[in-house]
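Data block below; observations after.
No hydrogens, no waters, no symmetry mates; every other heavy atom, side chains included, goes into these values. Residues: numbered from 1 along the sequence shown.
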Amino acid sequence: MAIADDLKKTLTDPTPLYFAAGTADLAVQQAKKVPGLIEQLRAEAPARIEAVKNTDPKIVQEKAREAQEAVTAKFAEVLTAIDPKKLGETAQDLALRGVGVAAEYAVRAKETYDKVAEHGEQAVRTWRGEVSEEIVDIAVAVEPKSETAPEQPAQEPAAADSPAEDKPAARRATARKNNVKKATVAAGDEG
């Protein structure tokens, strides 16, 4: 039964979809920067091409040969400095450090995944126009309950008798109506 529950939880978790939406939204944001980068490259290209044309190949070959000699000398120096007795200790130390670094990267990857998924959830809400509903939900949670119930608008009989009525949605709708009334009254008081 636990496997079925885990599978059900995995298949109903929206986080991967939010991650995909967040990735797409971030990609669109980055794609908007591309025309500016192309213009910058277009402006810099002639100077860079001219610099490459004016470079003497013999100078480049000489610098490459010097770099190769320096690397070879450093490698030989490192090989002569290796102590076979300490090599095992060093390898074990490096392996332990590697495990620590891998664990740290795993934690960072999870944090980044969560941030992108959260960004995706916000993007999806914005695309759907649900951001305003979230504000109303916060207002309902924060607004103190009065001892006398505010005057409720008359409900249609069919909606009130519906057994499948979504109570949280009904509360949000009522809160929206009350907030609109309060905003209208407040606007009338200011005028």
Side-chain angles (χ1 to χ4, degrees), residues 1-135 137-138 141-142 168:
M1 199 64 173
I3 294 174
D5 291 341
D6 287 345
L7 186 58
K8 183 177 180 182
K9 181 180 176 186
T10 300
L11 293 176
T12 58
D13 183 16
T15 305
L17 298 175
Y18 287 141
F19 177 79
T23 303
D25 190 55
L26 292 172
V28 167
Q29 290 176 8
Q30 293 301 318
K32 290 178 181 177
K33 297 177 183 178
V34 170
L37 293 173
I38 290 173
E39 285 302 317
Q40 181 183 356
L41 289 175
R42 187 176 290 155
E44 294 174 359
R48 290 183 181 210
I49 291 171
E50 194 61 35
V52 170
K53 284 181 182 178
N54 294 335
T55 303
D56 186 9
K58 291 181 182 180
I59 294 173
V60 174
Q61 289 174 345
E62 182 62 32
K63 287 184 179 182
R65 189 174 324 114
E66 289 173 6
Q68 182 181 8
E69 289 172 359
V71 168
T72 303
K74 191 67 174 173
F75 183 71
E77 181 182 322
V78 168
L79 283 180
T80 56
I82 292 178
D83 183 8
K85 294 177 184 177
K86 292 186 178 182
L87 188 59
E89 293 172 6
T90 304
Q92 184 179 9
D93 184 48
L94 288 174
L96 289 174
R97 286 184 189 176
V99 169
V101 169
E104 182 180 341
Y105 283 142
V107 168
R108 286 184 185 175
K110 174 68 172 136
E111 289 172 354
T112 302
Y113 175 82
D114 290 342
K115 286 179 185 177
V116 173
E118 184 178 322
H119 178 84
E121 183 176 2
Q122 293 300 323
V124 168
R125 285 183 177 183
T126 301
W127 297 338
R128 291 181 177 171
E130 293 178 0
V131 176
S132 59
E133 287 183 14
E134 182 177 297
I135 293 170
D137 290 342
I138 292 170
V142 172

* Could you give the distance from CD1 (I38) to NZ (K33), rounded to the nearest 0.5 Å? -> 14.5 Å
Distance-only donor-acceptor hits, side chain of residues 93-101, under 3.5 Å, sequence neighbours excluded:
{"unit_1": "D93", "atom_1": "OD2", "unit_2": "R97", "atom_2": "NE", "d": "3.3"}
{"unit_1": "D93", "atom_1": "OD2", "unit_2": "R97", "atom_2": "NH2", "d": "3.1"}

* Can you name the residues that form a ring-ring contact (aromatic ring centres under 6.0 Å, His included) with F19, not counting sequence neighbours? -> Y113
* **Contacts of L26 that satisfy side chain to side chain contact (heavy atoms under 4.5 Å, CB included) - sequence neighbours left out** => Q29, V116, H119
* **Where at least one partner belongs to residues 68-81, residue pairs that pass side-chain hydrogen bond (donor to acceptor under 3.5 Å, both in side chains), sequence neighbours excluded** => none
* Selection residues 84-112 - residue pairs positive for ring-ring contact (aromatic ring centres under 6.0 Å, His included), sequence neighbours left out -> none
* Asked: Of all residues at least two apart in sequence or in a different chain, which pass the side-chain hydrogen bond (donor to acceptor under 3.5 Å, both in side chains) check with K32?
  -> none
* For E104, what residues pass the salt bridge (charged side-chain N to carboxylate O under 4.0 Å, His left out) criterion, not counting sequence neighbours? -> R108
* Structure fact -> salt bridge (Lys or Arg N to Asp or Glu O under 4.0 Å) pairs touching residues 55-64, sequence neighbours excluded, are E62-R65
Can you give me every donor-acceptor pair (side chain of residues 40-49, partner residue at least two apart or in another chain, under 3.5 Å) with its distance?
{"unit_1": "Q40", "atom_1": "NE2", "unit_2": "E44", "atom_2": "OE2", "d": "3.2"}
{"unit_1": "R42", "atom_1": "NH1", "unit_2": "E39", "atom_2": "OE2", "d": "2.9"}
{"unit_1": "E44", "atom_1": "OE1", "unit_2": "R48", "atom_2": "NH2", "d": "3.3"}

* Asked: Who passes side chain to side chain contact (heavy atoms under 4.5 Å, CB included) against E50, sequence neighbours left out?
  -> K53, N54
* Structure fact -> By side-chain hydrogen bond (donor to acceptor under 3.5 Å, both in side chains), Q61 pairs with (sequence neighbours left out) none
* Those residues that, when tested against T15, pass side-chain hydrogen bond (donor to acceptor under 3.5 Å, both in side chains) (two or more places apart) -> D13
